[in-house]
Each structure stands twice: as structure tokens, then as C-alpha cells.
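Working notes for the structure below.
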There are 2 protein chains.
Amino acid sequence: MPRFKIPEITVERLSIYLRAIKKFHHEEILSSQRLAELVGTSDGQVRKDLAYFGEFGVPGQGYKVGKLKGEISHILGLDREQRIALVGVGKLGSALLAYPGFKSEEFKIKAAFDNDPSKVGRTWQGVTIQDVKKIPQVISREKIDLGIITTPVPAAQQVANKLIEGGVKGILNFAPTRIVVPDHVKLRNVDLAIQLEGLSYFLTQVGP
Amino acid sequence: MPRFKIPEITVERLSIYLRAIKKFHHEEILSSQRLAELVGTSDGQVRKDLAYFGEFGVPGQGYKVGKLKGEISHILGLDREQRIALVGVGKLGSALLAYPGFKSEEFKIKAAFDNDPSKVGRTWQGVTIQDVKKIPQVISREKIDLGIITTPVPAAQQVANKLIEGGVKGILNFAPTRIVVPDHVKLRNVDLAIQLEGLSYFLTQVGP
DNA sequence: CAATGTGAAAACTTTCACAGCC
DNA sequence: GGCTGTGAAAGTTTTCACATTG
């Protein structure tokens, strides 16, 4: 549907728009201006972002919430189940297993793995923790296409390799280290400490 | 030191460079090319990023690890203690309290708050959990300048207001909602679900 | 002579403003 | 009259290439 290359930031904003409009009723109509205020951007930006993918609005009126929800969900692939595996059921891993956004209708964590024998076999948030050795086999049997890495740094690359061997197409990496993946796999790093460091920089700008 | 406005992404990359060079010895010398390979960017990018802040390299040689560490740490404000408060000691909150990057030499979580009476008074990771009512008072007494919000969505704005009342200068918000802050406070949102949705979009691009 | 620092060019993103539609 | 969709302009970031330096 997209004419050519879509900026990654546009996709990110679509997620944000979707979150914002979910609070409204299907029948309601929002203008780009109203939507922009809700999420903190400009009306032109909203229109440009949406226009990459089609014509969803009605001139003179605005965007109908129901239609927009459907379109954005479809663009983001949220209208079909996304099957996920999480590796590393430590503190952060178990928090994410319970995190509302990670166990929604669209996202289903189908498998969890750890290398700690005392955790293997236990069930947490409805998911049974399995041995990391089984990663490739389970990923491919369960047709899982997204992997989340919440292991310590030293294990991250190995785990990524196993996920890829099993056939995941995307990896969300929380281990603060660079991991290398082949071109056909999409990697996204979330480094929580870097977020803090960015704020820290800001403080050096404003005062003592 | 910076001549004018520095792109936020440059600051983020500085954090990444710093993480990468920490693995090397003080005396070692790295070229921009080597550093670029380590973090997955281009040599020109590395030089541009650093050149915003000064001349840290030696032409014909490269960058000395020790010097670079010092300079980047200083730029990011990591050469002095950053005092932090965390609000919302749920699953994600307790994971972050234990997260290595959040309890480093530079970052000290000095206070934690929750509104659940059964949690108040308990100690976790060396920090005693206090009642959210005390936020403004503790923030200002302890001279805390960064706040982390890991509460559920409905509480986020209220908590932010209390943090600001106490005098924080920056807020790291993990609640998936838009919160509004005055101009002099720096807000950074980390929405974990959006990261997943970005990957999900990618899958729609490469095939079913 | 190897690698930095840096203008200038290219690529990309956001803003603007307005024709066209409801 | 109000609001979308969209080219064109402005602004920003990245890449390029080279003069300069140890």
C-alpha cells in the first residue's frame, strides 16, 4: 500500500495516533488538528503521516474514529495475531510478560525461555518457561515471528542466533549490547540506560 | 561547550559510543572508522557527532579511549552523581530498580514511591518505598532532579505534577500515556508497546 | 601517510499554504 | 465554511570529499 519508503518515525507516530483514538467512540469524528493536539504534534504532520498510506479522511469533516482505527491497525499489522517468544525471564523479562501492552489481543507471548534450571518448567502469566536449548525447535514449531531478548549482555548474541535459526523475522533487544543479525531480520534495540543518559545531558544544558 | 543546538540523536549516539569504548583500555586508540563499526554507523557520523563538542582526536592517529571516555562522560553529565526517584514499584518499577544501568556509579536511585500501603515501608534493592504523598517533600529535601514514572496510566499525570512540584528537571515516563509538563522540565517517553508495534509493521512489509 | 575536522552536497523530514471537496 | 490531501519551501541530518595536521 505505501507508495515507497516510509520513515520509521511515521510508523511510530501511527502507533501513537492509534493509542490516542482508542479512547474515542467508533462514530466520533476527529480532525487532524484535534488529533495533533492529543498527541503533541502538528496537524500537517498527522495528515502527511496518514496520506502515505491512503486517503482515510473526509474533506470538510475529518477522520472517523472507527475507520481510522481499522486502517492504522491494518497498516501496523495489528489486525492479525503476532506470535512472540521472550528469552530471559529475569526481573525485566517477567515484568514484560505481565506488561499490558505485551499481552494484548494482537500480541501473544507464546513461549518463554530461560537457562536457569530452577525456572524451567514453571509457569508465569500463563506461559511455561522452557529451556533455552529448545529455542530453534519451539520457534519453528509454534510459527513465532517476533523474539524479545531480556537476557544479560553475554547471552544476547547467542540467543539472537537461536531465534533466527528458528525463523523469527524481528527481534526486540533489551540487552544493552550490539547484536548482529542478517538483513532479512529486523532488529530493534531498546536501551533503557540511554534514555536516562539523554535526560542527564539535558540537565547539563539547563543549570548546575 | 556546544556551539548551538545539538540534535537529540547525536546525544543518544554519544551514549552508545561511550558504552562501546568502555570495553577498551584507557591507553588504546580508536579511529572513527573502528568506532563506527563497533556501533553500526559511519565514520563521518562519528566525527561529526564528536566535533559538535570539541576536538578530541589526533589527526593521523584517532581518538584515545581514556580522553574520549572523559569527554563524553562530561558532555552527558555522567561525571557527577545523578539523583533519581522512581514512582510506582510494580513489576516494571522493581525491575528497573534492579536494572544494572539504573544503579550505576552515576545514577543513584535515592527514593522510591508507591501508593500501595502494603508496599510502603518495605525495602527493595536498598531503597525504602515511601508513600506517594511525600513525593514533593522528599524530592526537594533530597535534591533529586530526575524522576522515573512506572505507574499505571491513570496515575501518571498526577505523579508527574508532584515530581515537578518537588523540583525535578527531567522525567522518564514509562506509562503509555501523554503527560504534560512545563517548558523547563524535560520529558522523555518510553513506550515499550510501540517498539513491538514497530516490529509488527515491519513484518507486514516482508511478507505474511 | 593515515585519520581528523569541516565545509558543501545530498538526502531526508517537517512545515507551509492552498486547491479541491464535502 | 471547514478540513483534507498534497506539492513546494524550509529546515534538519547524513554523507561526501578533501585540506590540514601529527
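Throughout, protein chains are lettered first and strands after them, A, B, ... in sequence-line order, and every chain is numbered starting at 1.
Using a 4.0 Å heavy-atom cutoff across all strands shown, S32(A) reaches sugar-phosphate atoms only and no base atom. If you check every strand for non-hydrogen atoms under 4.0 Å, G60(B) touches a base. Nucleic acid contact for R34(A): none, since no nucleic acid atom lies under 4.0 Å from a heavy atom of the residue.
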Please write out the pairs of protein N or O atoms and N or O atoms of nucleotides 16-18 of chain C separated by less than 3.5 Å, giving the distance to one decimal.
| from | atom 1 | to | atom 2 | distance (Å) |
| --- | --- | --- | --- | --- |
| dA17(C) | N6 | R47(A) | NH2 | 3.3 |

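Side-chain atoms of L96(A) and I109(A), non-hydrogen and from C-beta on, never get closer than 4.5 Å to each other. By the 4.5 Å heavy-atom criterion applied to side chains, I75(B) and F56(B) are counted as neighbours.
For Q61(B) and dA3(C), the shortest distance from a side-chain N or O to OP1 or OP2 is not below 4.0 Å. Between Y63(B) and dG5(C) there is a side-chain N or O to OP1 or OP2 distance below 4.0 Å. Distances shorter than 4.0 Å separate none of the side-chain N or O atoms of S31(B) from OP1 or OP2 on dA3(C).
Annotation: of the two residues near DNA chain C, V58(A) and R13(A), the 5′-most nearest-nucleotide partner is R13(A).
Only one option out of L76(B), V168(B), L146(B) pairs with L203(A) in a side-chain contact (heavy atoms from CB on, under 4.5 Å); it is L146(B).
Counting to the nearest Å, the P atom of dC18(D) and the CG atom of D43(B) are 15 Å from each other. Atom-to-atom, CD1 of I6(B) to P of dT13(D) comes out at 10 Å; the value is rounded to the nearest Å. We find that NZ of K5(B) is positioned 12 Å from C1' of dT14(C), with the value rounded to whole Å. Atom CG in D49(A) sits roughly 14 Å away from atom C1' in dC12(C) (whole-Å rounding). Q33(B) has its CD atom 14 Å from the P atom of dT15(D), to the nearest Å.
Counted by atom type alone, D79(A) and S73(A) present zero donor-acceptor pairs between their side chains at under 3.5 Å.
Relative ring orientation between F53(A) and Y201(B) is described as perpendicular, the plane-to-plane angle rising above 60° on a 0-90° scale split at 30° and 60°.
Residue pairs meeting the salt bridge (Lys or Arg N to Asp or Glu O under 4.0 Å) criterion with at least one member in residues 83-108 of chain A, sequence neighbours excluded: E81(A)-R83(A), R83(A)-E142(A).
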